[in-house]
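So the structure is just underneath, and the comments pick up after that.
Within every chain, numbering begins at 1; the chains are lettered A, B, ... in the order of the sequence lines, protein sequences first and strands thereafter. Treat the numbers as computed from the prediction; the structure is a model and nothing was measured.
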Protein chains: 2
Amino acid sequence: MSVDRTQVLRSAAALLSRKSTATMDEVARAAGIGRATLHRHFAGREALVRALEEMGLQELEAAIDTAALDEGPADEAVRRLVAGIEPLAPLLALLVSENQLFEGDQQNEGWARLDARVSQLFRRGQEQGVFRIDLTPAWLTEALYGLVGSAAWSVQDGRVAAKDFQYMIVELLLGGARRSVER
Amino acid sequence: MSVDRTQVLRSAAALLSRKSTATMDEVARAAGIGRATLHRHFAGREALVRALEEMGLQELEAAIDTAALDEGPADEAVRRLVAGIEPLAPLLALLVSENQLFEGDQQNEGWARLDARVSQLFRRGQEQGVFRIDLTPAWLTEALYGLVGSAAWSVQDGRVAAKDFQYMIVELLLGGARRSVER
DNA sequence: ATCACGTGAGACATCTGTGTCTCATTCGGT
DNA sequence: ACCGAATGAGACACAGATGTCTCACGTGAT
C-alpha cells in the first residue's frame with residue numbers, strides 16, 4: 001500500500017532521462033501512483049529533482065566505496081565499478097545529461113568529489129602502466145559516464161540485452177572496438 | 001540584421017542539451033535575439049524542436065555520406081565519420097539524450113535509417129576482421145553516439161580541450177583505454 | 001534622403017502545469 | 001469485523017510560459 005520512495009525515484013529517473021519535460025502527472029503515472037500521492041512524498045518538482053540528485057550521488061558514492069578503486073589492478077577496479085554502477089545507470093544517465101541541476105553549486109561539490117575519485121583511478125592505472133597515457137583521466141571519466149548512459153538507454157529501448165550491460169561497457173572502455181592480436 | 005536560422009538552431013541545441021526545460025525566452029537570449037523574433041522563425045516550441053530534429057538528421061546524413069563508410073578500412077571510415085560529426089556534436093547530443101522527440105514515428109524512420117548505416121559500418125569492420133566480433137554493431141553504434149555526446153559536453157564545460165575532440169573519441173572507441181603492446 | 005523590412009521590447013490574453021485541498025476508497029494491521 | 005492510515009480521483013486557484021499583437025527603432029537597399 002505504502003509507496004516505495006526509492007522505487008518512485010527510479011522510475012522517475014528512467015522517464016526523465018528520456019523525456020525531461022515530463023509532467024508531474026506523467027512521472028506519477030510512470031511510477032504507478034496518483035499525482036496527489038507523488039506530491040505527498042515530494043513537495044514539488046524541485047524537491048523531486050533534488051531527491052534524485054541526492055540519491056544519485058549517494059548511491060554512486062556507495063558504489064565507488066564498494067568497488068575499492070585503490071586496490072588491485074586498475075582495470076579490474078574498473079570492472080568492479082561498472083558492476084556496482086549498473087543498478088543506478090538510468091539515474092546516472094539522467095544526472096549526467098541534465099547538469100542544469102547543479103546550479104546551486106551545493107551538490108556540485110559532491111559530484112566533483114566523486115569525479116575526482118574515478119579520475120584518480122584512471123590516473124593510477126596510467127602510472128602503473130595499465131592504461132595508455134594519451135587519454136586524460138578526465139576524459140576517461142566522462143567517457144565512462146557516457147558509455148554507462150548509452151548502455152542504460154540501449155537496454156531500456158531493447159536495442160541490446162540487459163545481461164550484456166557490464167561486458168559491453170567494460171570491454172569497449174578498456175579494450176576498444178579494434179581487433180588486436182592478444183585478444 | 002537578418003537572423004541566421006542555422007545559428008539560432010545551433011545555440012538552441014547547445015542550451016537545450018544541458019537544460020532541456022529552458023524557456024523560449026532563454027533560448028532566444030542564448031541566440032542573442034528577442035523572443036518575438038524567435039517566434040517569427042519558429043511557430044512555437046514544438047516547431048523549434050522539429051526543426052532541430054530535421055537539421056540534425058539532415059546534417060548527420062550529410063556527414064555519413066561524406067565519410068563514405070563503405071570505402072577503405074573500417075577503422076579509417078570511423079575516423080572520417082567522427083571528423084564529420086564534430087561540428088554537429090552538440091545537436092547530436094541533444095537528439096540522442098532526448099528521444100521524446102521521436103513519438104510521431106515519422107522522423108523515427110529517418111533516424112533508424114542512419115542508425116542502420118552506421119551499424120553497417122561496424123558490421124563490415126567485423127566481417128573484414130578489423131573489429132572484434134563480441135561487441136554487437138548496434139552497441140558500437142550507440143557507444144559512438146554516447147562518446148560523441150560526452151565529448152561535446154566535456155568540451156562545452158571546459159573539462160577537455162576542443163582540439164582533442166576527434167582523437168579522444170576515435171582512440172577510445174577503436175583502441176580502448178588499456179595499454180597494449182602494439183601501441 | 002527615403003523607404004521597406006526585420007528586429008527588439010513590451011503588453012496582453014490564454015493555456016498548461018503546479019500546488020493544495022477534499023472526499024471516497026482501499027489496504028493493512030488489530 | 002473494525003479502524004486507521006495512505007491512496008486515487010477530482011476540483012480549484014495560482015504561477016509561469018506561451019503565442020499574438022503593436023509600436024518604435026535600426027539597418028540596408030534604392
Less than 4.0 angstrom from a charged side-chain N to a carboxylate O is my criterion; do A/Asp65 and A/Arg117 meet it? yes
Name the residue closer to the 5' end of DNA chain C, choosing between A/Ala36 and A/Glu26 according to the nucleotide with the nearest heavy atom. A/Glu26
Should B/His41 be listed as having a side-chain N or O under 4.0 Å from OP1 or OP2 of C/dT7? yes
In terms of the nearest nucleotide of DNA chain C, which residue is placed more toward the 5' end: B/Ile33 or A/Met24? B/Ile33
When rounded to whole Å, the CG to P distance for the pair B/Asp25 and C/dC12 reads 18 Å
Base, sugar-phosphate alone, or nothing: which one does A/Arg45 contact when heavy atoms must sit under 4.0 Å apart? sugar-phosphate
If we count only N and O atoms by modelled type, under 3.5 Å, do the side chains of A/Ser97 and B/Ser97 hold a donor and an acceptor together? no
Would you kindly give the CZ-to-P distance between A/Arg29 and D/dT7, to the nearest whole Å? 14 Å
Protein-nucleotide distance (B/Phe42, atom CZ; D/dG19, atom P), rounded to Å: 13 Å
I need the CG-C1' distance between B/Asp4 and C/dT7, as an integer number of Å. 15 Å
Just checking, is any N or O donor in the side chain of A/Arg124 or A/Gln128 under 3.5 Å from an acceptor N or O on the other one? yes
Hey, does the side chain of B/Ser2 come within less than 4.0 Å of C/dG6's phosphate (OP1/OP2), counting only N and O? no
Within the 4.0 Å heavy-atom criterion, would you say A/Arg40 contacts the bases, only the backbone, or no part of the nucleic acid? base
Before accepting this row, confirm whether a basic side-chain N of the pair A/Arg79/A/Glu171 lies closer than 4.0 Å to the acidic partner's carboxylate O. yes
Salt-bridge contact A/Glu109-A/Arg113 (side-chain N to carboxylate O under 4.0 Å): no
Separation of atom CG in A/Leu48 from atom P in C/dG19, rounded to whole Å: 10 Å
Does B/Trp153 have B/Arg18 sitting over its ring (NZ/CZ under 6.0 Å from centre, angle to axis within 45°)? yes
B/Val3 side-chain proximity, nearest of D/dT18, C/dC21, C/dT7: C/dT7
Measure CD/A/Glu46 against C1'/D/dA15 and give the value in whole Å, please. 15 Å
Using atom CZ of A/Arg35 as one end and atom C1' of C/dT18 as the other, report the distance to the nearest whole Å. 6 Å
Would you work out how much the helix from C/dA1-D/dT30 to C/dT30-D/dA1 bends between its ends, with each end axis defined by five base pairs, to 10 degrees? 40°
Spacing of A/Leu38 atom CG relative to D/dA9 atom P, expressed in whole Å: 13 Å
Qualifying residues under side chain to side chain contact (heavy atoms under 4.5 Å, CB included), relative to B/Glu26, sequence neighbours excluded: B/Leu15, B/Lys19, B/Ala22, B/Thr23
